[in-house]
Amino acid sequence: MDLSFSPEDAAFREEVRRFIDENYPENLKGKLDEGEEWSKEDYLSWHRILGKKGWVAPAWPTEYGGPGWSATQRYIFSEELARADTVPILPFGISMVAPVIYTFGTPEQKARFLPRILSGEDWWCQGYSEPGAGSDLASLRTKAERDGDHYIVNGQKTWTTLAQHADWGFFLVRTDASVKAQEGISFLLIDMKTPGITVRPIITLGGEHEVNEVWLENVRVPVENRVHEENKGWTCAKFLLAHERTGIAGVARSKRGIEKLRAIAATELDGDRSLIENPFFKRKIAELEIDLAALEFTELRGLAALAAGKPPGAESSLLKIKGTEIQQRITELTLEAVGHYGAPWFRGFGDSDNEHAIGPEYALRAAPTYFNMRKTSIYGGSNEIQRGIIAKMVLGL
Ligand SMILES: Cc1cc2nc3c(=O)[nH]c(=O)nc-3n(C[C@H](O)[C@H](O)[C@H](O)COP(=O)(O)OP(=O)(O)OC[C@H]3O[C@@H](n4cnc5c(N)ncnc54)[C@H](O)[C@@H]3O)c2cc1C
């Protein structure tokens with residue numbers, strides 16, 4: 001196992017760093033730190049810049065527009081994006097539906113959808129979960145019935161991230177209720193402008209409009225928009241979930257989070273000294289850093305195995321659990337560090353000219369970010385489900 005980076009990798013890192021320095025839009029720098037949220041246009045502007053450079057889809061095969069990078073280069077690239085605190089590239093098009101389309105789709109589907117995902121023309125959302133089907137996804141009930149060369153879709157999806165912006169959605173629907181749950185599901189690509197679709201916001205604890213309910217009432221979907229065979233959607237769903245979990249450890253973003261936390265703790269006062277000098281607080285940061293270093297080495301070990309041609313295993317569950325726990329602890333300590341400046345937060349506060357925020361700018365998002373990050377141990381397969389996977393696949397229980 002070799003965990004060191006080669007001179008070529010170091011040169012690649014330099015190239016990526018320079019590109020980000022020279023091309024990341026000025027108006028996006030530090031936007032979150034100033035208490036604002038990413039807008040649709042923010043996401044798209046960085047997507048387009050990376051798309052033009054050929055770097056927006058690091059894992060895609062070159063024949064569809066991927067850059068042909070090794071696993072190590074992909075890792076370095078994601079590290080550099082995190083280091084520069086860039087707006088994230090949303091996964092729904094690039095790393096979720098696209099791999100399904102280029103693996104299971106028809107030539108027409110590939111030609112129609114992949115270029116538009118690369119260019120950012122189509123914004124995608126994921127219609128898997130339902131009010132009665134989350135962890136037990138195969139029990140989903142949204143049904144699609146054949147009517148000539150169309151399906152008629154009826155049902156409700158929930159927690160659909162950023163569906164309010166979506167042009168297209170990939171949906172799991174039941175096409176046969178008479179067989180074993182997993183064997184009666186199909187994978188449909190649905191134009192979100194089709195009559196019968198209603199997107200309703202769910203406002204989260206942090207006050208954000210990030211997730212939605214999506215209602216489908218007699219929505220007509222051409223049969224040509226089904227990926228893979230009818231009733232074979234579960235194969236696509238499982239394949240996609242494996243992609244959803246890669247990169248979920250978020251080591252680089254957490255490193256950046258701890259750097260920011262350290263800076264805040266150095267500024268905040270604890271009596272007549274800075275908070276960072278408080279041995280109890282210092283110890284909490286040190287514990288976080290040690291756990292993050294251990295996680296990073298676990299991830300690098302996985303990367304070395306991948307580079308040596310071994311397939312990824314159930315270790316991704318381990319990365320997901322530890323990665324998300326660390327992300328949550330960073331937001332907890334950040335909220336603790338800003339102390340009572342985190343308390344008066346409410347949405348819109350400090351936006352108007354005559355209502356200045358109480359406390360420093362970095363305190364503005366401490367509470368909403370803390371609330372928002374509770375999601376990480378739920379989505380992408382909850383951490384309890386991941387523990388079940390480890391118990392079975394790694395420990396053989
Ligand atoms: C912010 C956010 C964004 C999301 N975005 C999307 C999206 O874009 N598209 C989409 O389709 N879905 C999305 N989801 C849904 C997400 O995938 C589900 O919330 C998740 O799969 C859990 O399902 P559930 O909420 O129905 O909880 P449940 O499955 O009802 O689970 C409730 C609790 O029981 C535990 N539990 C359940 N089964 C077991 C078991 N077998 N063993 C041990 N414990 C168990 C769970 O861990 C959890 O703590 C999102 C969720 C969140 C929070």
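Counting convention: from 1, in listed order, for ligands and their atoms alike. Note: hydrogens, waters and symmetry copies are ignored here, and every other heavy atom, side chains too, is used.
When the heavy atoms of Phe92, Trp159, Tyr128 are ranked by distance to atom 6 (C) of ligand 1, first place goes to Trp159. Among Gln126, Met96, Glu384, the residue whose heavy atom lies closest to atom 43 (C) of ligand 1 is Glu384. For atom 16 (C) of ligand 1, the choice among Gly206, Cys125, Ser129 with the nearest heavy atom turns out to be Ser129. The option with the heavy atom closest to atom 47 (O) of ligand 1, from among Ala166, Ser382, Ala237, Gly388, is Ser382. Comparing Ser135, Gly134, Ala163, Ala391 by heavy-atom distance to atom 28 (P) of ligand 1, the nearest is Ser135.
Hydrophobic clustering of Ile, Leu, Val, Met, Phe, Trp and Tyr side chains at less than 4.5 Å, counting indirect connections, keeps Val97 apart from Leu216.
Interface atoms of ligand 1 facing Thr161, defined by a heavy-atom separation under 4.0 Å, are 3 (C), 4 (C), 5 (N), 6 (C), 7 (C), 8 (O). Counting atoms of ligand 1 from 1 in the listed order, those under 4.0 Å from a heavy atom of Lys375 are 1 (C).
Taking any N or O of Tyr379, backbone or side chain, none lies under 3.5 Å from an N or O belonging to ligand 1.
Between Ile390 and Ile321, the closest side-chain pair of non-hydrogen atoms falls below 4.5 Å. Contact annotation: the side chain of Trp159 never approaches that of Thr204 to less than 4.5 Å [non-hydrogen atoms, C-beta and beyond].
For Val211, every heavy-atom contact with ligand 1 shorter than 4.0 Å involves the side chain, none the backbone. Under 4.0 Å from ligand 1, the heavy atoms of Ile385 that appear belong solely to its side chain.
Here the two rings, on Phe104 and Phe187, have centers that are 6.0 Å apart or farther.
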